[in-house]
Novice: 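I have a structure here, written as structure tokens, and I will follow up with some questions on it.
Please read these numbers as outputs of a predicted model, since none were measured by experiment. Worth knowing before you read on, the calculation uses all heavy atoms, side chains too, and leaves out hydrogens, waters and symmetry mates. Throughout, residue positions are numbered sequentially from 1 according to the sequence presented.
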Amino acid sequence: MNQIISPDAVLHSMKSGIPDAEWLLGQIESEQGWLRFPPYLVSLITSLRIEAYPLLYRSEEVMAAMLLRGWMSTEEIQAFGAELQAATPKERGNIVIELGETLGKIVEQIEIPKTPAQQRKAEAQFKAMSAEEQVESVRQAQHFFCFFFASFFQNLSVMVHGEKLTSLVAQAKAGNDKAFAKAIQIDKRILTVDPDFRKRYEDAQMEPPSDFFDDVAYRLKAAPYKGKIRHKSLWLAFSMLERAGLLDTLTYREIMEMCDEAGVGGDKNRIASEKHLGNRLREYREFQLRGIVTTT
């Protein structure tokens, strides 16, 4: 794969994303591998009526578009895509960084009330808006949190199974029942929201006995975080480098330096040698080759 984004831009993303992932992993590990989203965050799925967010697992392109549509028109998104296509890797990286910073400032304004007092304040502020402002505020929050939940589980899948959730979902829809079970381990909502998953589950009830329901039952009972991959944040870094077209172009030493600078693995799981990195990279690539269906 040719370089898509410059190393500097990817390092910028790693520095902002990897520490958060490391913190999140620590939180999940403290709960024996179970996700414990705060109640106020879970309630947003219902209050914003975004229960269908698992449909974004169709592709990463659909996932990204959901976020952009919260603040950009269709014409602006198309123009942005054309600009990226025409840019060099370095220019493209600068564009992505600039967009990320712009969206970051906007997202910072989306405050989630955590206490009853904050909730009352937020309700008062919302009621003080005009009808048009209320509609726009809700629309932007819907787009952001759809993207938030989908991208969270996408990254969790990479760290647990070594494969993106979009890839697992595509494989499942192509008939891979093992991928089906792994996907619902990460996000159980897929089983009830995605019509293809519901149909497969219903059809299996009329088929001869197989391992399907045993696999599904095991994955439903397994903690979403449970997997055999030790260096979970390293695999997330590999995924980021792969999407940027850098995983096959950088040397082991260059990848190690980027990972160290971004804090991948922390002190406990830091990659200490190029040989060790090479072994982990081979494992990562073997996981990616298992997929019979690829997604963007």
Side-chain angles (χ1 to χ4, degrees), residues 1 4-5 13 17 35 44-46 48-78 80-82 84-85 96 99-100 103 139-204 212 215-216 219-220 224 235-236 238-240 242-245 287-296:
M1 180 187 293
I4 300 173
I5 299 177
S13 297
L35 299 175
L44 286 174
I45 297 175
T46 302
L48 290 174
R49 292 179 292 182
I50 57 172
E51 293 91 344
Y53 76 82
L55 296 179
L56 295 179
Y57 300 139
R58 285 179 292 170
S59 75
E60 288 186 287
E61 185 178 64
V62 171
M63 203 179 295
M66 173 58 68
L67 177 64
L68 295 179
R69 288 194 181 109
W71 289 272
M72 299 170 69
S73 66
T74 300
E75 293 73 20
E76 289 172 329
I77 293 175
Q78 291 174 343
F80 176 68
L84 287 179
Q85 287 287 340
V96 170
L99 175 66
L103 288 176
R139 189 186 70 83
Q140 290 180 346
Q142 287 173 323
H143 281 265
F144 170 73
F145 283 106
C146 272
F147 172 80
F148 169 83
F149 284 110
S151 60
F152 169 82
F153 287 114
Q154 171 86 324
N155 290 333
L156 183 63
S157 182
V158 171
M159 293 187 285
V160 173
H161 293 313
E163 298 177 83
K164 291 178 285 191
L165 194 48
T166 47
S167 177
L168 290 174
V169 167
Q171 292 175 55
K173 293 187 178 189
N176 186 330
D177 287 340
K178 296 294 184 182
F180 180 104
K182 286 183 177 181
I184 62 175
Q185 177 189 347
I186 296 299
D187 188 356
K188 294 174 175 58
R189 286 180 181 270
I190 302 174
L191 186 57
T192 56
V193 170
D194 192 305
D196 292 328
F197 272 68
R198 288 203 309 268
K199 185 177 185 303
R200 175 68 192 107
Y201 189 82
E202 292 167 358
D203 289 347
F212 177 80
D215 289 342
V216 169
R219 294 295 178 178
L220 286 174
W235 284 54
L236 180 58
F238 285 161
S239 178
M240 296 173 72
E242 184 177 39
R243 279 178 282 180
F287 270 76
Q288 310 317 304
L289 290 173
R290 294 183 315 177
I292 60 173
V293 178
T294 59
T295 59
T296 56

Novice: Between E51 and T192, is any pair of side-chain heavy atoms under 4.5 Å apart?
Specialist: no
Novice: Between atom CD of Q140 and atom CG of L48, what is the distance when rounded to the nearest 0.5 Å?
Specialist: 12.0 Å
Novice: Enter the distance from L220:CG to K188:NZ here, rounded to the nearest 0.5 Å.
Specialist: 6.0 Å
Novice: With D194, which of R58, K173, K199 fulfils salt bridge (Lys or Arg N to Asp or Glu O under 4.0 Å)?
Specialist: K173
Novice: State, to 0.1 Å, how close K182 and H161 come at their nearest heavy-atom pair, and which atoms those are.
Specialist: O-NE2, 3.3 Å
Novice: Quick check on R200: does its CZ atom have over 12 non-hydrogen neighbours (other residues, nucleotides or ligands) under 6.0 Å away?
Specialist: yes
Novice: What are the two closest heavy atoms between M66 and H143, and how far apart are they?
Specialist: O-ND1, 2.7 Å
Novice: For Y53, which of F147, F149, F148 qualifies under ring pair (Phe, Tyr, Trp, His ring centres under 6.0 Å)?
Specialist: F149
Novice: Show the nearest heavy-atom pair for residues V158 and K164, with the distance to one decimal.
Specialist: CG2-CG, 3.5 Å
Novice: At what distance, to the nearest 0.5 angstrom, does CZ of F153 lie from CD of Q185?
Specialist: 11.5 Å
Novice: For Y57 and D187, test the side chains for any donor-to-acceptor distance below 3.5 angstrom and give the result as yes or no.
Specialist: yes
Novice: Would a 4.5 Å heavy-atom cut-off, applied to side chains only, mark V169 and I190 as touching?
Specialist: yes
Novice: NZ/K178 to CZ/R219 distance, rounded to the nearest 0.5 angstrom?
Specialist: 8.0 Å
Novice: Using every non-hydrogen atom in the two residues, find where E163 and L168 come nearest and quote the distance to one decimal.
Specialist: OE2-CD2, 3.7 Å
Novice: Are the side chains of L191 and F180 in contact, using a 4.5 Å heavy-atom criterion?
Specialist: yes
Novice: How long is the span from the CH2 atom in W71 to the CD1 atom in I77, to the nearest 0.5 Å?
Specialist: 11.5 Å
Novice: We want to know whether T74 and Q78 form a side-chain donor-acceptor pair, criterion being a heavy-atom distance below 3.5 angstrom.
Specialist: no
Novice: If I take atom CZ from residue F144 and atom CG from residue L44, how far apart are they, to the nearest 0.5 angstrom?
Specialist: 10.0 Å
Novice: Is there a side-chain contact between P195 and L55 (heavy atoms, below 4.5 Å)?
Specialist: yes
Novice: Between M63 and L56, which heavy-atom pair has the shortest distance, and what is it?
Specialist: CE-O, 3.9 Å
Novice: Any idea how F212 and Y201 line up, ring-wise: parallel (<30°), tilted (30 to 60°), or perpendicular (>60°)?
Specialist: tilted
Novice: Show the nearest heavy-atom pair for residues R198 and V193, with the distance to one decimal.
Specialist: NH1-O, 3.2 Å
